[in-house]
There are 2 protein chains.
Amino acid sequence: MTQPGPRPARILLADDHTLVRRGVRLILDAEPDLTVVAEAADGAEAVAQARGLDVDLAVLDIAMPRQTGLHAARELARTRPGLRILMLTMYDNEQYFFEALRAGASGYVLKSVADRDLVEACRAALRDEPFIYPGAETTLIRTYLDRARNGGPLPERPITEREEEILKLVAEGHSSKEIGDLLVISPKTVERHRANLLQKLGLRDRLELTRYAIRVGLIEP
Amino acid sequence: MTQPGPRPARILLADDHTLVRRGVRLILDAEPDLTVVAEAADGAEAVAQARGLDVDLAVLDIAMPRQTGLHAARELARTRPGLRILMLTMYDNEQYFFEALRAGASGYVLKSVADRDLVEACRAALRDEPFIYPGAETTLIRTYLDRARNGGPLPERPITEREEEILKLVAEGHSSKEIGDLLVISPKTVERHRANLLQKLGLRDRLELTRYAIRVGLIEP
DNA sequence: CTGTCCATCCGTGCCGACACCCATATTTCG
DNA sequence: CGAAATATGGGTGTCGGCACGGATGGACAG
């Protein structure tokens, strides 16, 4: 056994659920080479914490009030280039996975994973190695990681911001006319966006669109 | 200070996220009068665990794969009348709250609450007192709880078996004709059932019907 | 600069959802 | 037994979802 490094890696932990922070902190602090030095309950708080502290790794939940983990990740990757970022989320979803990598995260772990996987993901992130969460090794992700490793072109975001906006409203049950009035655009434009969404996501109708939106956490049932 | 009871209350903990179970278990086991004796990762597992074990209280997450916490709560309330049920969820939402009470839960706590509130909610549930999570004391909830306390009539779920069958199929995205073919009845009859469902549940269209079905655990997103 | 992607807009047409009206056979229950 | 609820079937009409065409202007990258 070799000596551990000069000091354990310093971790910032952000999740809006107190109970999750409890569990994660318990697991990470049990490792000699990892220590949680700060907690945050939303994305803005996480960014603020990282500003004033010496932190090596940020573990961010995606779904947080006010500012999401993805948003915070983009901010952190921009302002603190040396900082590693690990997304910790309940969403087993390719969309979010790609979004996370694009936001500057080097790892993506599900909240349902075992303790060991979480620890390994943290260590991998600290080495700046991409971490594939177990059970998500789909062809798409493999392709993505291969391309990322070889410096190839990354696939673009399948869904634009505007489309996500429309997706959310459609899934909430609003008609094209309502959405058009809300966004001050023609109902026909809304329908065009909706049609593009159906095509891009490979779905059939707005009912499947709703279930998709619920699945990825865009809206609540 | 009096002596604690002859034994701590035995708790079954169900949540699909390992990390949440860690946190909750840590908090509850720290209390001398509470002990977690079993864990489950989904609703079906929770029901199975409760069958073979001596359990006083079930702490159930709502959003779980395969079978939701609400579904499991209904099952448990039916098969194990003595068992107390506490819903633990991320949804700060009246709909869910009512759905939980109707499913047989005696408490409703958010995952973002502090440790103390979770412990107090468990103790309240064990005494079979309804627990209002902090910040959710709306008029609607007060009325409901008053009626529950005074033994008044609780709003029932006025859905027949046949209607639930149609509800499920509609929520899965099938058309009236498809459902008619499947159940060997006229599409018009399907439409009549669907119309009755909308009226009974106070919903507007099949999109809300879908979200309702997901909420009560009838189908998955 | 030129091409690609994005957001915006329009017309036509079909079909299913949904509301409103109606009736009838069976079962359940007071 | 008679009333109510349930499950079944029908007709008619409006409206919106969705597919299929098309077009334009602006932003950004190669």
Side-chain angles (χ1 to χ4, degrees), chain A residues 74 78 95 98-99 102-103 144 147-148 150-214 218-219, chain B residues 153 155-214 218-219:
Chain A
R74 268 186 282 270
R78 200 165 47 78
Q95 241 0 244
F98 291 133
E99 205 65 61
R102 198 159 24 235
Y144 185 97
R147 260 193 284 183
N150 302 336
L154 300 183
E156 301 100 51
R157 186 226 289 264
I159 295 191
T160 67
E161 271 185 44
R162 192 58 157 180
E163 282 169 347
E164 181 165 318
E165 205 174 354
I166 268 91
L167 167 56
K168 186 172 168 166
L169 290 167
V170 168
E172 277 171 352
H174 300 289
S175 73
S176 298
K177 186 181 177 310
E178 286 171 0
I179 300 175
D181 290 346
L182 213 70
L183 303 182
V184 201
I185 57 177
S186 156
K188 292 303 281 185
T189 304
V190 177
E191 288 186 16
R192 165 58 60 222
H193 284 308
R194 192 185 50 208
N196 289 341
L197 280 166
L198 291 180
Q199 204 258 314
K200 281 185 179 178
L201 299 174
L203 304 178
R204 287 205 328 266
D205 49 32
R206 72 195 223 283
L207 209 143
E208 292 194 349
L209 224 43
T210 298
R211 282 159 62 173
Y212 176 84
I214 291 174
L218 207 59
I219 64 165
Chain B
E156 305 123 43
R157 192 156 69 114
I159 295 193
T160 68
E161 271 185 45
R162 192 59 155 177
E163 281 169 347
E164 183 165 316
E165 205 174 354
I166 270 93
L167 167 56
K168 186 172 168 165
L169 291 167
V170 168
E172 276 171 353
H174 301 288
S175 72
S176 298
K177 185 180 178 309
E178 285 171 0
I179 300 174
D181 290 347
L182 214 69
L183 302 183
V184 201
I185 57 178
S186 157
K188 289 304 285 185
T189 306
V190 177
E191 289 186 15
R192 163 123 323 283
H193 284 308
R194 192 185 50 206
N196 289 340
L197 280 165
L198 290 180
Q199 204 258 314
K200 281 185 179 179
L201 298 174
L203 304 178
R204 286 204 328 266
D205 49 31
R206 71 195 224 280
L207 210 144
E208 293 193 349
L209 224 43
T210 298
R211 282 157 57 174
Y212 178 86
I214 291 174
L218 209 58
I219 65 166

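Treat the numbers as computed from the prediction; the structure is a model and nothing was measured. Lettering follows sequence order; numbering is per chain, from 1. Below, each value reflects all heavy atoms present in this structure, side chains not excepted, and no hydrogens, waters or symmetry copies.
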- Gap between atoms CG and P, on A/D205 and C/dC15 respectively (whole Å): 16 Å
- Task: Please state how far atom CD1 in B/I166 lies from atom C1' in D/dA7, giving the value in whole angstrom units.
- Result: 9 Å
- Note on the structure: Separation of C/dA17 atom P from A/R206 atom CZ, nearest Å, is 10 Å
- Task: Could you tell me which residues satisfy side-chain contact (heavy atoms from CB on, under 4.5 Å) with B/E172, sequence neighbours excluded, listed by chain and number?
- Result: A/R211, B/K168, B/L169, B/H174, B/I219
- Query: Where along residues 175-194 of chain A does a heavy atom fall under 4.0 Å from DNA chain D?
  - Reply: A/S175, A/S176, A/E191, A/R192, A/R194
- Query: Which nucleotides of nucleotides 25-30 of chain C have their base under 4.0 Å from a protein heavy atom (B), which only their sugar-phosphate (S), and which neither (-), written as one string 5' to 3'?
  - Reply: ------
Show me, pair by pair, the donor-acceptor contacts under 3.5 angstrom made by side chains of residues 180-193 of chain B, not counting sequence neighbours?
residue : atom : partner : partner atom : Å
B/D181  : OD2  : B/K177  : NZ           : 2.9
B/S186  : OG   : B/K188  : N            : 3.0

- Message: Holding to side chain to side chain donor-acceptor pair (under 3.5 Å), I want the full list of residues that pass it with B/R204, two or more places apart in sequence or in another chain.
- Response: B/E208
- Results of side chain to side chain donor-acceptor pair (under 3.5 Å) for B/S176 - residues two or more places apart only: B/R194
- Query: At what angle, to 10 degrees, do the two end axes of the helix from C/dC1-D/dG30 to C/dG30-D/dC1 meet, given five pairs define each axis?
  - Reply: 50°
- Note on the structure: Separation of D/dC18 atom C1' from A/L207 atom CG, nearest Å, is 14 Å
- From CZ of A/R204 across to P of C/dG16 the rounded distance in Å is 12 Å
- Query: With sequence neighbours excluded, what pairs up with A/E178 under the salt bridge (charged side-chain N to carboxylate O under 4.0 Å, His left out) test?
  - Reply: none
- Message: In whole Å, I'd like the distance from the CG atom of A/L197 to the P atom of D/dA19.
- Response: 12 Å
- Item | Which atom of A/V170 lies closest to which atom of B/L207, heavy atoms considered | O-CD1, 4.1 Å
- Message: Any base atoms under 4.0 Å from B/N196, or only sugar-phosphate, or nothing? Heavy atoms, all strands.
- Response: nothing
- Beyond-backbone contact of A/L167 with A/Y212, side-chain heavy atoms, under 4.5 angstrom: yes
- Message: Between P on C/dA19 and NZ on B/K200, what's the gap in Å once rounded to a whole number?
- Response: 15 Å
- Over how many whole Å does the gap from B/Q199 atom CD to C/dC21 atom P extend? 12 Å
